[in-house]
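For ligands, and for the atoms within them, numbers begin at 1 and follow the listed sequence. Quantities reported herein were computed from a predicted structural model and do not represent experimental measurements.
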Amino acid sequence: MMKTAVEFDKKNLLASGHRACGGCAQALACRMVLDAAGKNTIACVATGCLEVFSGPYPDPSWRIPFLHSLFENSAAVAAGVEVAYRALKKAPVNVLAMGGDGSTADIGFQCISGMFERGHNVLYVCYDNEAYMNTGVQRSSFTPFGAKTTTTPAGNRFHKKDLPQLAVVHGVPYVATATVDDYHDLQRKVKTALSIHGPKYLHVYAPCPLGWGHAGDMSIAISRLAKETCLFPVYEIKDGKLVSVVKIPVKKPVEEYLKVQGRFRHLFKKGVPTTEVELIQEIANQNIERFNL
Ligand code: SF4
């Protein structure tokens, strides 16, 4: 017998009815992560869109224990939960810390670094939408070169911080990147991470229709374009060694990715690419060389 929509939704650990914008890839990614992690999971979530749209009393969407931390300390809260479980000799549980790019790359990096360095058995998941979306689309240190935000109206002049690499140099045993257009790859990486003892870092690319200026139904296509233009390499690093890379046999020019997003529209004067587009292509070329895409 066919399941009703309500029965089907009961399987989702991030239930529908949350207040994310239509097409929000962060909401989709979080649902995929929780689906892979399963019910025996505690999520410690930094302030940000994810917490705002899914968490507040009285109607949270979480069907697992959920702790709302401050903007800066989801990794420290998760570390505390992990230690408490060990001290109380409770049955093992998956402890996840989660945050957007602002709470990961900028405000919360100190606590993440400490969690990594002390070797807590925690999976940190960053949903990277490349700006501070819940406070009004301000630049973060994950905002890519050239992107327009409310604090970079002429386009961002800085290059994106490489947090996966920073996790590797902390000695984190498992570091991976993933996109929402490849459900199986993302879920396999969550399961792999949770099978490894110690700190883990998963970086998920998460298009934001509101902040990036694209239609809600384009989030999957834009995730795919980010990979196909080699601007977002998808890979896994175990014990400091690159063990898998999603190869891109037919590489697309970065223009195909840039032109479909309002945040890059100023890079095309009357449809003609500016020198910034060449610089962005150079970033893609460097990724091709570095990861042998
Ligand atoms: S602003 Fe962006 S990240 Fe936040 S809920 Fe909307 S689409 Fe998602």
Side-chain angles (χ1 to χ4, degrees), residues 9 12-35 43-57 59-63 66 68-72 74 96-108 124-144 146-153 156 160-161 163 177-181 183 186 202-226 231-232 257-258 260-265:
D9 190 55
N12 290 313
L13 298 178
L14 185 73
S16 59
H18 56 66
R19 290 172 291 263
C21 307
C24 174
Q26 189 177 28
L28 178 61
C30 182
R31 181 173 281 187
M32 290 177 178
V33 167
L34 297 184
D35 190 27
C44 306
V45 181
T47 296
C49 271
L50 180 60
E51 163 274 324
V52 169
F53 69 62
S54 67
Y57 179 84
D59 52 355
S61 290
W62 298 81
R63 291 202 171 115
F66 158 85
H68 170 205
S69 72
L70 301 176
F71 223 143
E72 67 271 28
S74 66
L96 304 185
M98 297 180 175
D101 51 290
S103 57
T104 303
D106 303 334
I107 301 173
Y124 190 96
V125 184
C126 171
Y127 301 105
D128 180 11
N129 51 33
E130 302 190 323
Y132 287 83
M133 296 313 181
N134 73 311
T135 52
V137 197
Q138 296 90 355
R139 187 194 83 89
S140 81
S141 54
F142 280 179
T143 300
K148 198 174 197 168
T149 67
T150 51
T151 50
T152 55
N156 181 34
K160 184 166 175 157
K161 193 184 278 182
L163 210 97
T177 65
T179 54
V180 289
D181 66 293
Y183 178 76
L186 192 155
L202 178 63
H203 191 114
V204 185
Y205 177 85
C208 163
L210 183 141
W212 295 14
H214 62 78
D217 62 2
M218 286 287 289
S219 293
I220 298 288
I222 287 176
S223 297
R224 203 164 286 142
L225 275 172
L231 284 170
F232 190 85
Y257 171 81
L258 302 175
V260 292
Q261 299 174 59
R263 63 181 176 155
F264 295 116
R265 196 161 296 138

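- For atom 8 (Fe) of ligand 1, protein N, O or S atoms under 2.8 Å: 1 in total.
- Put simply, the side chain of Asn12 never gets that close to the backbone of Leu14: no donor and acceptor are under 3.5 Å apart.
- Between atom CG of residue Leu28 and atom CD1 of residue Ile220 there is a gap of 5.0 Å, rounded to the nearest 0.5 Å.
- Here Arg224 pairs with Asp181 under the salt bridge (Lys or Arg N to Asp or Glu O under 4.0 Å) rule; sequence neighbours left out.
- Looking at residues two or more places apart in sequence or on another chain, you find a side-chain contact (heavy atoms from CB on, under 4.5 Å) between Ile222 and Tyr205, Pro207, Trp212, His214, Met218, Tyr257, Val260, Gln261.
- Legend: residues meeting side-chain hydrogen bond (donor to acceptor under 3.5 Å, both in side chains) with Ser74, ordered by chain and number and at least two apart, are absent.
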request  = I would like to know whether Asp128 and Lys160 meet salt bridge (charged side-chain N to carboxylate O under 4.0 Å, His left out); could you show each step before the answer?
outcome  = CA-CA 11 Å; Asp128 180 11; Lys160 184 166 175 157; 2.6 Å; yes

